[in-house]
2 protein chains.
Amino acid sequence: MASRPRVRLDPQDRRAQLIALGLQILSARPASQVAVDDIAEAAGISRGLLFHYFSSKREFHLAVVQAAADELLTATDPDDTLPALEQLRLGLEAFVSFIERKHELYVALVRGSAGADPDLHAIFEDHRDKVAGRVCRVLGDAGGRPEVRTAVRGWLAFCEETVLHWMAHRTMRRQQLVMLCEQVVVAAVAAVLPPEDLPAWYREQAAAVAAAVPADAAARD
Amino acid sequence: MASRPRVRLDPQDRRAQLIALGLQILSARPASQVAVDDIAEAAGISRGLLFHYFSSKREFHLAVVQAAADELLTATDPDDTLPALEQLRLGLEAFVSFIERKHELYVALVRGSAGADPDLHAIFEDHRDKVAGRVCRVLGDAGGRPEVRTAVRGWLAFCEETVLHWMAHRTMRRQQLVMLCEQVVVAAVAAVLPPEDLPAWYREQAAAVAAAVPADAAARD
DNA sequence: CCGCGTTGTTGAGCTCGGTTCAGTACTCCC
DNA sequence: GGGAGTACTGAACCGAGCTCAACAACGCGG
């Protein structure tokens with residue numbers, strides 16, 4: 001095959017092209033099953049150039065995963081002017097939509113970074129911490145407590161797993177999924193805080209959840 | 001270095017030795033950073049023999065991860081004769097203890113299998129499904145519902161993340177951690193089931209949780 | 001329009017590590 | 001003690017990540 005004409009790009013553009021390509025390719029199959037040649041060929045460049053932009057295949061992988069995490073973070077960026085509960089719900093909706101559009105990317109790049117490489121894991125950890133930070137900020141003063149952060153982190157894992165399992169098996173209506181996640185965060189935070197430390201809007205929400213669910217049993221006492 | 005005397009073992013013993021060694025080594029650093037030579041040398045055998053027992057490095061890795069999953073599964077094996085709530089609590093306690101003893105193994109092998117290799121992922125998926133099955137069985141008839149399974153899967157992810165974050169940051173007392181997980185499973189399952197479908201013991205638990213938490217707010221209505 | 005420096009780009013070749021396989025040596029049994 | 005069966009070895013192979021010296025596209029001054 002006659003090599004195509006040599007194309008010259010700004011380093012910035014080239015890098016962007018390679019990362020965009022990486023998002024595609026590494027969503028479809030794991031890095032260990034993708035040869036550097038595959039990436040280079042898909043980009044229409046030589047192996048050597050890839051190593052000019054990324055000092056190793058691993059570093060390329062890191063850059064792509066970081067890009068995926070950033071993409072998710074901006075896709076779920078909340079509107080600070082809205083009331084807290086609204087921010088939570090919209091954030092959840094945005095997350096579900098993101099997974100619906102790109103769950104392969106999410107599984108392969110964001111969640112998939114958990115094991116394997118410590119640096120990959122660090123990116124994932126950082127991402128989750130940023131999201132947890134957002135949620136905690138919404139919770140107000142109580143969000144600063146370390147035990148609340150643990151609960152929120154757990155809740156994020158809950159949402160991730162629930163949404164992915166839902167995507168795969170469609171076990172309920174979409175709205176029901178969002179409500180499930182909402183109710184769980186209420187329960188999780190309430191479980192680690194004395195009631196007097198809960199934000200006012202939050203207490204009302206918790207009361208509503210509590211009242212709605214085991215209605216007759218609660219009525220007995 | 002004069003090679004040590006050739007040691008001959010039963011294939012069964014040799015395999016067990018190699019997997020035990022794999023559990024150690026692969027807990028400490030990721031498979032991609034462990035050479036086949038490292039494993040062989042640590043085991044006191046030649047590279048070739050490892051390939052006699054496992055057709056590839058990847059298959060060795062799979063066998064080790066499977067062993068780790070099995071270990072966790074037996075460590076948290078519940079006693080079917082106990083009441084449901086007791087089984088849940090004991091299972092949680094056992095899980096926390098397991099992580100306390102071997103969180104590196106857990107992170108590297110069980111959880112860490114999420115991304116990367118589809119076969120590794122399948123082992124993880126299978127493991128989580130078995131645990132979810134246990135929990136659903138405890139829930140009785142309601143546990144058969146698909147939406148309950150989604151909620152339970154999410155809850156397992158919640159427990160995993162919560163316990164690992166707790167291990168790293170010690171943000172609360174151990175007992176509080178277990179209670180947090182208990183209360184969240186109650187909330188999660190209650191959120192996807194109409195109250196009349198909840199098991200009786202479960203409704204009482206849910207009512208107790210609900211009553212205890214936002215006490216004054218609930219009292220207002 | 002032509003040289004010339006800058007710099008994006010190339011690809012042959014090196015190295016390292018997973019994999020193979022023909023051969024070795026231990027052990028058991030007659 | 002010799003032969004068969006089998007656990008085991010290690011040198012050679014091969015493919016994929018990585019290096020580096022050379023190349024070619026573009027901009028600019030003359």
Side-chain angles (χ1 to χ4, degrees), chain A residues 1-22 25-26 28-65 108 113 115-120, chain B residues 1-22 25-26 28-65 108 113 115-120:
Chain A
M1 187 189 300
S3 60
R4 33 199 141 23
R6 187 180 279 203
V7 183
R8 225 180 138 97
L9 292 183
D10 279 7
Q12 205 177 331
D13 295 349
R14 180 65 82 192
R15 203 184 149 89
Q17 175 210 6
L18 291 175
I19 287 191
L21 194 62
I25 295 182
L26 296 180
R29 60 204 153 114
S32 60
Q33 282 175 38
V34 176
V36 171
D37 289 12
D38 297 344
I39 301 161
E41 194 185 352
I45 60 169
S46 66
R47 258 154 297 161
L49 193 58
L50 208 142
F51 286 99
H52 176 73
Y53 283 95
F54 304 94
S55 64
S56 69
K57 182 188 179 183
R58 196 173 141 277
E59 197 187 288
F60 174 67
H61 190 184
L62 290 176
V64 171
V65 170
S113 320
D117 190 307
D119 290 327
L120 274 181
Chain B
M1 186 190 301
S3 58
R4 40 200 135 21
R6 184 182 280 204
V7 182
R8 218 181 146 98
L9 292 183
D10 280 7
Q12 206 178 329
D13 295 348
R14 182 64 84 191
R15 202 185 150 89
Q17 176 211 7
L18 291 175
I19 287 190
L21 193 62
I25 295 182
L26 296 180
R29 61 204 152 112
S32 61
Q33 282 175 38
V34 176
V36 170
D37 289 14
D38 297 344
I39 302 161
E41 194 184 352
I45 61 170
S46 66
R47 257 154 299 157
L49 192 59
L50 208 143
F51 285 97
H52 177 74
Y53 284 95
F54 305 93
S55 63
S56 68
K57 182 188 180 183
R58 197 172 140 277
E59 197 186 288
F60 174 67
H61 189 184
L62 289 176
V64 171
V65 170
S113 318
D117 191 307
D119 290 329
L120 275 181

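Proteins come first, then strands; the chains are lettered A, B, ... in the order of their sequence lines, and each starts at number 1.
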Q: Output all residues satisfying salt bridge (charged side-chain N to carboxylate O under 4.0 Å, His left out) with B:Arg15, sequence neighbours left out; order by chain, then residue number.
A: none

Q: Considering residues at least two apart in sequence or located in another chain, which fulfil the ring-ring contact (aromatic ring centres under 6.0 Å, His included) criterion with A:Phe51?
A: none

Q: Who pairs with B:Arg58 by side chain to side chain donor-acceptor pair (under 3.5 Å), at least two apart in sequence or on another chain?
A: B:Asp117, B:Asp119

Q: For B:Tyr53, which contact category applies under a 4.0 Å heavy-atom criterion: base, sugar-phosphate, or nothing?
A: sugar-phosphate

Q: Separation of B:Arg14 atom CZ from C:dC26 atom P, in whole Å?
A: 14 Å

Q: Hey, what are the protein-to-nucleotides 25-29 of chain D N/O distances that come in under 3.5 Å?
A:
residue, atom, partner, partner atom, Å
D:dA25, N3, A:Arg8, NH1, 3.0

Q: Mind checking side chain to side chain contact (heavy atoms under 4.5 Å, CB included) for A:Asp10 and listing every partner two or more places apart, or none if nothing turns up?
A: A:Asp13

Q: State which residues pass side chain to side chain contact (heavy atoms under 4.5 Å, CB included) with B:Ala108; sequence neighbours excluded, sorted by chain then number.
A: none

Q: Shorter than 3.5 Å, N or O on both sides, protein versus nucleotides 19-21 of chain C: list them out with atom names.
A:
residue, atom, partner, partner atom, Å
C:dT19, OP2, B:Lys57, N, 2.7

Q: Holding to side chain to side chain contact (heavy atoms under 4.5 Å, CB included), I want the full list of residues that pass it with A:Ala16, two or more places apart in sequence or in another chain.
A: none

Q: What is the distance, to the nearest angstrom, from the CZ atom on A:Arg15 to the P atom on C:dT9?
A: 14 Å

Q: List in chain and number order the residues that pass salt bridge (charged side-chain N to carboxylate O under 4.0 Å, His left out) with B:Arg14, two or more places apart in sequence or in another chain; answer none if no residue qualifies.
A: none

